[in-house]
Amino acid sequence: MDHSHTIPKPSLDVLTMGETMMAFEALEPGPFRENRLLKKWIGGAEDNVVIGLARLGFSCGWFSRLGDDEFGHEILRTIRGEGIDVSRVIMDPDAQTGVFFVESAGMGDPRCYYYRRHSAASRLSVADLDPEYMASARYLYLTGITSAISTTAQEASQEYIRIALEHKRSLVFDPNLRLKIMDLAESRRVLIPMMQKSHYVLPGDQELMLLMESPDLDQAIERAHGMGIANLVIKQGSKGALLALHGQDPVHLPPVKTPKPVSSMGAGDCFAAGFLAGLLKERPLQECVRWGNALGAFCVLGSGPYQTLPDYPEFISFVKGEETVNR
């Protein structure tokens, strides 16, 4: 069906869809079973991205299904409180909001335990998509996590991409592998076609090597380009990022050094928010990647996936390396 005659001028900068859960983080390092003190926050890759963008002053929307329960209402209130449009969120009276627990390992990435099977978000379906609403955004953002949580959510993700292409909206996609809920073979089958249809793909270096079945990053990039995945922005954590465009040599953009990293939780999502911010400001692609590195660095300065993120003036000062006046 042709919806073009009813499509309004874009009113949102970025729109995304995906599951947000209630998170409980252990406050002491070590096995979770030994922890007695927990901190509660909301957690979802997609909402991390739009919260980061909203704090920078961009107009964003997020939709999903939430349980019509205390956790669901807290999530809705929190995301709405960040200035994000949640008008298309469905409060589901017949399913619970998902939860997960974060174990502090004391070194490396934290370990997560998910309790999301049969969650409200797993009931996302094609019927929950509003093409006109989606067409009201300049950029559409999606991660591979949504395809992993259920068959109907996977179908919704595929339709989300189809609608984006139909209405000529730029699509930014992060594979965001979750091998605990979708094995590698299935991830390749489902995610690679999504990567092929996206304008920009933001994998981690290890994710790309796994998806391309290559132990070598250069070879993985070559394979991805050969599959038609033209614009790769590859996150490398503390090493920075690579901009790998088809037909060009990859360009390494160094990380922004942080004095005392606290937690890597959400850093990849914040990178995506910084990269999207650069796109929205129509910066050159290399600068967009630098902005990704900078916002990712902001994330690791504290605990939680978005809690430390800045407003736009503070962010630009940080990018420029300007000193903060504290007294």
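Residues W41 and Q307 have side chains that never bring a donor and an acceptor to within less than 3.5 angstrom of each other. Residues T143 and E46 bring a donor and an acceptor atom of their side chains to less than 3.5 Å of each other. For the residue pair S59 / D13, no side-chain donor-acceptor distance below 3.5 Å is found, with atom types taken as modelled. A donor atom on one side chain and an acceptor atom on the other are found under 3.5 Å apart for R178 and N176. One side chain, Y133 or D85, offers a donor N or O that lies under 3.5 Å from an acceptor on the other.
Between Y113 and F100, the ring center distance fails the sub-6.0 Å criterion. Aromatic pair F101/F32: centroids less than 6.0 angstrom apart.
Annotation for Q96: atom CD does not count as buried by contact number, only 12 or fewer foreign heavy atoms lying within 6.0 Å. For H118, the NE2 atom sits in a loose shell: 12 or fewer heavy atoms of surrounding residues, nucleotides or ligands are nearer than 6.0 Å. In the displayed structure, K239 atom NZ is contacted under 6.0 Å by at most 12 heavy atoms of other residues, nucleotides or ligands.
Ion pairing between a basic and an acidic side chain is recognised when a charged N comes within 4.0 Å of a carboxylate O; E159 and R162 show such pairing. Under 4.0 Å is where a charged nitrogen must lie from a carboxylate oxygen, and between E19 and R65 no such pair does. With respect to the salt-bridge test (charged N to carboxylate O, under 4.0 angstrom), the residues K40 and E74 qualify.
A cation-pi arrangement is not found for K320 relative to F315, the charged atom failing to lie both closer than 6.0 Å to the ring centre and inside a 45° cone about the ring normal.
Put simply, the side chain of R88 never gets that close to the backbone of F63: no donor and acceptor are under 3.5 Å apart. Between the side chain of H225 and the main chain of N231, no donor-acceptor pair closer than 3.5 Å is present. Remark: side-chain polar atoms of R138 are not paired, donor with acceptor, to backbone N or O of V14 under 3.5 angstrom.
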Is there a side-chain contact (heavy atoms from CB on, under 4.5 Å) between H252 and V289? Walk through the geometry before answering. CA-CA 9 Å; H252 177 253; V289 178; over 6 Å; no
Q154 and T146: side chain to side chain donor-acceptor pair (under 3.5 Å), yes or no, with the steps? CA-CA 6 Å; Q154 187 177 121; T146 307; over 6 Å; no
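The residue from T16, T20, D269 that alone fulfils the side-chain hydrogen bond (donor to acceptor under 3.5 Å, both in side chains) condition with N48 is D269.
Atoms CG and CG, on L210 and D205 in that order, are 10.0 Å from each other to the nearest 0.5 Å.
Using a 4.5 Å heavy-atom threshold, the side chains of F58 and V50 count as separate.
Taking all atoms of both residues into account, the shortest heavy-atom contact from V102 to C112 is CG2-SG, 4.2 Å.
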